[in-house]
**Student:** 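Following this message is one structure expressed as structure tokens.
Basis for what follows: all heavy atoms, side chains included, without hydrogens, waters or symmetry-related copies. Please read these numbers as outputs of a predicted model, since none were measured by experiment.
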Amino acid sequence: MMLMLRFLGKHSAIILAAGVVVAFFLPELDTYLMPAFPVLVSALLGIAFLRVDFAPVVAQLKKPKLLLSVLGAMFILSPLVMMGIVLVTSPPPDIALALMMFACAPPLASTTNIALMIGMDSAICLNVTVVGALLLPFIAPPILTLSAGFDIDLDAWTIFIKLVYIVGGALIVSSILRYTLGVDRIRRNGVIFDGITTILLLAFLMAVMGPGSAVLIKEPSVAIMVCLIALAANFGTNIVFAFVAEFLHSGKFRKPEKMPASIGLLAGNRNFALMVPALPADVFAGVVVFLAFYQVPIYLTPLLERWIFKEFRKSPAPKI
């Protein structure tokens, strides 16, 4: 078992990229895995809590200027820019709604895990992910209703409670494991946790890919269009945020350093899946198709960013 986890951990980027292709040919798995969706999200966040170096996390919370700046850009600037893009391009209503959901969503729970895999700043990723998830119920409903033109009935309190359970459960379980295993053992076995993360990410992928597979078979041209939009939303947002953050940090437009690149990673990989179950039935189908194809850039991200920012991977592993 350990050998398998080590293998998955060492080759996680390639395996996740290949998993996107394989998932399209196993659409029936979503029937079994979708009910476990909240558990998968909580487990991914729990592994991030388990492995992250909490010293820089606490340091960032004591000096919250950077954290507040990133949250402001993600929850205020990003939706405004996306609203302008939607108004100019006039995509189909379900795609417009999905793009607005993307623009005001917090980062994926797995973003911190990806940051750990490729050597980026896991502290800022964890902080923005947790705080952003707790802010989501208060920010998303008015943004979606006003900017996308849909009268969407979202129960903010229910979503908030659900997120508290997900984040709180992850924190409690990870704290117990951290105390039981010890920080030295966790640090020595980082590749094993990469392997566990890979399994969880593949399970999540299989859970949401079913609707995309159906569209790919019946309407391949529509599937290609949706996939291209998802790629543009993810990678475009990632690139813009990373280069703007680098410019604000160094005063130059150049290849982003670790912190700006981490901000780009956060901005491009959003967890709007948290809002999908709360959608009215008449718009759910179209949005969930976009969610399926949105997994393509997410699962390509570790491979591409590990190659682009390979110097981060060479950095010494952070102490836990």
**Student:** Can you sort out the partners of F235 under side-chain contact (heavy atoms from CB on, under 4.5 Å), two or more places apart, ordered by chain and number?
**Tutor:**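 F235: side-chain contact (heavy atoms from CB on, under 4.5 Å) contacts with L231, P297, L300, T301, L304.
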**Student:** Is it the case that one hydrophobic cluster holds both V240 and M259, taking links as side-chain heavy atoms less than 4.5 Å apart, direct or via other members?
**Tutor:**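 They do not share one cluster, since no chain of ILVMFWY contacts under 4.5 Å joins V240 to M259.
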**Student:** Look at the side-chain heavy atoms of Ile, Leu, Val, Met, Phe, Trp and Tyr, link any pair under 4.5 Å apart, and say whether I176 and F193 land in one connected group.
**Tutor:**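 I176 does not cluster with F193.
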**Student:** What is the minimum heavy-atom distance between A233 and T237, and which atoms define it?
**Tutor:**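 Minimum heavy-atom contact is O-OG1, 2.6 Å.
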**Student:** List the atom of S78, the atom of F241, and the distance in Å for their closest heavy-atom pair.
**Tutor:**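 Shortest heavy-atom separation between S78 and F241 comes out as CB-CZ, 4.2 Å.
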**Student:** With a 4.5 Å cut-off on side-chain heavy-atom distances among I, L, V, M, F, W and Y, is there a chain of contacts connecting L228 to I239?
**Tutor:**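 Unlinked, L228 and I239 end up in two clusters.
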**Student:** Using 0.5 Å steps for rounding, measure from the OG atom of S221 to the CG atom of L216.
**Tutor:**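 Output value for this atom pair is 10.5 Å.
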**Student:** I'd like to know if I172 and L44 are part of one continuous hydrophobic network [Ile/Leu/Val/Met/Phe/Trp/Tyr, side-chain heavy atoms within less than 4.5 Å].
**Tutor:**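 No, because L44 and I172 fall into different hydrophobic clusters, even though each may have its own neighbours under 4.5 Å.
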**Student:** Checking the side chain of D121 only, and the main-chain atoms of I124 only, is there a donor and an acceptor separated by less than 3.5 Å?
**Tutor:**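 The answer is yes, because a donor-acceptor pair under 3.5 Å joins these two groups.
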**Student:** For R254, is the CZ atom crowded, meaning more than 12 foreign heavy atoms sit under 6.0 Å from it?
**Tutor:**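 Counting neighbours around CZ of R254, more than 12 heavy atoms of other residues, nucleotides or ligands fall under 6.0 Å, so yes.
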**Student:** Quick one: list whatever passes side chain to side chain donor-acceptor pair (under 3.5 Å) with S174, sequence neighbours left out.
**Tutor:**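 Expected list: none.
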**Student:** Indicate, with yes or no, if the rings of Y294 and F272 have centres closer together than 6.0 Å.
**Tutor:**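 Between Y294 and F272, the centre distance is under 6.0 Å.
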**Student:** Please identify which of these residues, V70, L71, L68, meets the side chain to side chain contact (heavy atoms under 4.5 Å, CB included) condition with V131.
**Tutor:**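 Looking at V70, L71, L68, the match for V131 under the side chain to side chain contact (heavy atoms under 4.5 Å, CB included) is L71.
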**Student:** Taking all atoms of both residues into account, what is the closest heavy-atom pair of V86 and P91, and its distance?
**Tutor:**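 Looking at all heavy atoms of both residues, the shortest contact is O-CD, 3.5 Å.
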**Student:** Calculate, to the nearest 0.5 Å, the distance between atoms CG and CG belonging to N189 and L5 respectively.
**Tutor:**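 Atom-to-atom, N189:CG and L5:CG are 10.0 Å apart.
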**Student:** Can you name the closest pair of heavy atoms from P79 and M100 and give their distance?
**Tutor:**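 The pair with the smallest heavy-atom distance is O-CE, 3.6 Å.
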**Student:** Apply the test side chain to side chain contact (heavy atoms under 4.5 Å, CB included) to residues V164 and L134: give CA-CA distance (whole Å), side-chain angles for both, the deciding distance (0.1 Å), then the verdict.
**Tutor:** CA-CA 7 Å; V164 169; L134 294 176; 4.1 Å; yes
**Student:** If you compare all heavy atoms of E246 against all heavy atoms of E257, which two are closest, and at what distance to 0.1 Å?
**Tutor:**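 Heavy atoms only, the tightest pair is OE1-N, 2.9 Å.
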**Student:** Would you name the heavy atoms of C104 and R270 that are closest together and state the gap between them?
**Tutor:**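 Heavy-atom minimum between the residues: N-NH1, 4.0 Å.
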